[in-house]
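Structure record follows, encoded as structure tokens.
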Protein chains: 4
Amino acid sequence: MVRNKQVIEKRRIKRADQKGKILRAGEKLFAKKGFYLTTLEEIAGGANLAKGTIYLHFENKKDLFISIVERKLDILLKKIKEGIGEEGSPTEEIKKLTKVHLKFLERNRNFFKILQSLSKEYKREMEKELTERVIKKHTRYLGIIQHLIERAIKKKEMKPLDTRKLAVILIGIVHSLTINWISQGEKDSLSKDHELVWEIFWNGAKQA
Amino acid sequence: MVRNKQVIEKRRIKRADQKGKILRAGEKLFAKKGFYLTTLEEIAGGANLAKGTIYLHFENKKDLFISIVERKLDILLKKIKEGIGEEGSPTEEIKKLTKVHLKFLERNRNFFKILQSLSKEYKREMEKELTERVIKKHTRYLGIIQHLIERAIKKKEMKPLDTRKLAVILIGIVHSLTINWISQGEKDSLSKDHELVWEIFWNGAKQA
Amino acid sequence: MVRNKQVIEKRRIKRADQKGKILRAGEKLFAKKGFYLTTLEEIAGGANLAKGTIYLHFENKKDLFISIVERKLDILLKKIKEGIGEEGSPTEEIKKLTKVHLKFLERNRNFFKILQSLSKEYKREMEKELTERVIKKHTRYLGIIQHLIERAIKKKEMKPLDTRKLAVILIGIVHSLTINWISQGEKDSLSKDHELVWEIFWNGAKQA
Amino acid sequence: MVRNKQVIEKRRIKRADQKGKILRAGEKLFAKKGFYLTTLEEIAGGANLAKGTIYLHFENKKDLFISIVERKLDILLKKIKEGIGEEGSPTEEIKKLTKVHLKFLERNRNFFKILQSLSKEYKREMEKELTERVIKKHTRYLGIIQHLIERAIKKKEMKPLDTRKLAVILIGIVHSLTINWISQGEKDSLSKDHELVWEIFWNGAKQA
DNA sequence: AATGAATGAGTCTTCATTCAT
DNA sequence: GATGAATGAAGACTCATTCAT
């Protein structure tokens with residue numbers, strides 16, 4: 001019986017390994033060539049598995065794609081939540097969050113490339129239910145920032161501007177610098193720019 | 001002979017009409033469904049022409065796509081250039097330019113949606129030569145802003161930060177607000193936000 | 001204009017020819033190997049056309065299959081209707097109809113083989129709407145025979161048995177002989193057996 | 001040693017149980033969805049066994065399918081043989097046999113549905129050797145009826161018609177009524193129709 | 001010049017079968 | 001013996017592109 005348990009455990013681990021391999025191969029390839037130009041055959045090859053095996057873990061190509069995005073967003077969200085607290089000054093929290101975000105993007109450039117390609121296009125194609133999984137998470141992240149900004153405004157640390165738009169702008173700045181960094185060949189450190197982001201955003205939004 | 005000229009002229013106009021129809025149908029459809037999910041059949045239908053006719057004007061699907069983007073960027077660049085001058089205060093020029101850009105995006109949301117989908121994905125797929133046509137124009141636009149920022153810095157109107165990154169940030173803010181506007185259903189006026197963009201960017205970047 | 005008309009007419013004919021080729025190739029192959037083991041590639045090959053061309057004429061494999069069956073049933077029904085009248089003795093009409101049916105099956109053995117394979121299996125798989133097209137026609141044929149039998153009973157030419165079952169039995173006799181004929185290598189004449197069919201059915205069902 | 005025998009016996013029973021489960025699950029599913037649309041996974045599920053286990057009892061999917069049919073035909077043949085004798089009037093024997101056959105079909109409608117789908121299609125696909133197992137049994141059944149008819153003719157109870165064809169017709173009548181019964185929703189009793197079958201066949205074939 | 005019929009390369013997906021555990 | 005994870009062959013279907021008319 002104990003042996004049986006071990007066997008089951010081994011299998012579980014193997015399964016998880018396999019799924020991981022597929023997710024990683026998919027991430028790399030989708031980032032490089034986009035959803036449509038990446039074939040399941042390639043992903044299977046990249047994961048050193050047979051085509052059919054992918055279907056043991058994912059319903060279909062779309063499901064795999066969405067799963068990749070979802071998983072990364074989960075990680076980002078988790079990091080963000082771990083990094084910030086409710087007690088400190090909201091301004092400080094936003095600053096930290098920006099740093100965490102940039103660091104995450106720097107380390108997960110593949111993911112970012114995929115996210116960028118997640119344009120309207122996919123939203124039509126990919127079954128609603130699936131996409132919504134992703135959108136929900138993205139919205140939650142936006143919500144976290146928005147909430148911090150609200151608190152900052154209440155504390156008179158920031159000007160009473162539209163909080164959603166401010167959150168959108170902050171993420172926009174981060175993303176535009178990431179795109180620039182990627183298009184410049186990913187040289188230097190991206191996360192170093194966190195000072196610049198803050199310089200602009202904070203001076204722009206702070207209560208005079 | 002004179003008659004001949006008229007005939008030739010008529011033909012030219014007819015051809016231009018046709019091309020215009022295709023470009024407009026393509027813009028609408030590519031914006032709605034993305035590059036891969038839009039078929040030439042649909043575009044031909046949208047332009048009230050036969051599929052084969054598209055090939056009289058464009059080399060292939062990619063060429064058509066790139067042409068649409070290129071053409072719009074040309075218009076944007078032209079508007080920008082018309083809108084700004086070399087004499088005035090560079091700060092004022094940047095402010096004007098931001099306004100023009102937002103107005104353009106508001107009126108050409110279709111185009112923007114396409115631009116957004118122009119992620120890495122396409123850059124691989126679309127033969128280099130083609131994409132470069134677009135990138136060049138985008139870079140030129142970035143260059144214009146960068147140049148204005150440089151002038152502003154020289155005039156001590158702005159802090160001596162990395163000019164490329166500042167330009168990137170400005171465009172990033174504009175784009176993120178546009179995405180937000182679209183995702184919220186394109187309600188209210190987008191160009192109205194030009195005040196907000198400026199508020200943030202200017203206070204963030206101005207010489208204290 | 002006249003020339004134009006001719007061109008259109010030519011095209012129409014070519015199209016019809018093509019469709020005919022596909023139907024004939026499909027009939028032969030479906031009869032030989034059944035629905036599942038016949039590939040569209042084979043049918044296309046048999047019709048000397050490319051795979052894609054089939055999709056210009058039929059929605060998909062099922063549609064092609066059903067169309068083949070439907071078309072043949074149409075022909076059978078037409079022949080039956082032409083062969084019989086309302087005035088003569090119903091018994092005579094049934095006799096004629098049996099003859100026509102056997103002759104048709106003899107000449108269209110391919111079709112019969114397909115019909116035989118049209119078991120429950122397909123009725124599940126093939127979208128309802130499609131199958132119903134076929135079932136309706138089959139039912140109509142059954143109805144014609146049933147109607148004749150009713151008339152024969154009214155005229156006291158036949159015993160007052162269940163008319164539907166009698167019709168079913170008559171067709172059953174015809175089909176079983178056809179199956180036997182095919183399984184024996186399609187030797188001799190099948191339609192010659194029409195005397196035998198009649199001998200059994202008539203003596204069995206006639207009013208003593 | 002005695003204990004050993006018991007163990008071996010237990011195993012044999014377990015194996016037989018397993019095989020029985022598979023055969024029953026297969027019968028039900030093949031009848032419902034046909035050969036191609038039924039997956040081994042489903043059958044395994046229906047038998048509460050793993051996919052691989054099926055291969056311990058049957059060579060492959062086809063073998064399983066044929067085995068199901070063969071087994072049922074064995075049972076039918078056995079019942080027929082038990083039911084009839086060599087001494088009585090051949091006419092009486094045929095009558096009995098018809099009754100037994102209808103009763104069997106009524107109780108084994110699943111099997112009949114499978115048999116019906118056993119069209120040419122399968123005969124090609126399923127390796128010859130396998131199919132022949134089934135055909136042989138079917139032929140044997142036909143032979144029994146044929147033999148009885150021959151005896152009836154010799155005794156001048158029946159007209160001297162082609163005995164094979166008469167046998168084919170009799171089975172044809174029985175089958176067509178069964179198909180009709182199934183297509184009408186399996187209402188009423190099928191075996192009740194045995195009177196009708198006999199009425200038609202006997203009056204049709206008897207010596208006047 | 002304009003058409004649209006014809007093509008066939010390319011891809012997702014299913015599922016019988018194998019085999020390590 | 002029993003399992004079910006892994007495989008990969010096979011096939012339906014789409015659609016950009018060509019070219020005869």
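All chains are named by letter (A, B, ...) in the order of the sequence lines, taking the proteins before the strands, and each is independently numbered beginning at 1.
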Out of F:dT17, E:dT17, F:dT3, minimum distance to the side chain of D:Lys61 belongs to E:dT17
Qualifying residue for side chain to side chain donor-acceptor pair (under 3.5 Å) with C:His57, from C:Lys19, C:Lys21, C:Gln18 | C:Gln18
Heavy atoms under 4.0 Å, any strand shown: does C:Leu40 hit a base, just sugar-phosphate, or nothing?
-> sugar-phosphate
Looking only at side-chain N and O atoms, does D:Thr53 come under 4.0 Å of OP1 or OP2 in F:dA2?
-> no
For D:Thr39 and E:dC15, is the shortest distance between a side-chain N/O and OP1 or OP2 below 4.0 Å?
-> no
Please give the nucleotide sitting opposite E:dT13 as a Watson-Crick or G-U wobble pair, both distances under 3.5 Å, or none.
-> F:dA10
A:Lys51 side-chain N/O to F:dG8 phosphate OP1/OP2 under 4.0 Å | no
Partner set under salt bridge (Lys or Arg N to Asp or Glu O under 4.0 Å) for B:Arg133, not counting sequence neighbours | B:Asp63, B:Glu70
Closest to the 5' end of DNA chain F, once C:Glu59 and D:Ala50 are matched to their nearest nucleotides, is D:Ala50
Establish, with yes or no, whether the OP1 or OP2 oxygen of E:dA6 is under 4.0 angstrom from a side-chain nitrogen or oxygen of C:Gln18.
-> yes
Using the six-membered ring wherever Trp is involved, compare the ring planes of B:Phe35 and B:Phe65 and label them parallel, tilted or perpendicular (cut-offs 30° and 60°).
-> perpendicular
Nearest listed nucleotide, side chain of D:Arg15, among E:dG4, E:dA2, F:dG1 | F:dG1
Starting at the 5' end of DNA chain E and moving along, which residue's nearest nucleotide shows up first, B:Arg11 or C:His57?
-> B:Arg11
Looking at the side chain of C:Tyr55, which of F:dA12, F:dT17, E:dG8 is the nearest nucleotide?
-> F:dA12
Any strand is fair game: report the nucleotide pairing with E:dT21 by Watson-Crick or G-U wobble, both distances under 3.5 Å, or none.
-> F:dA2
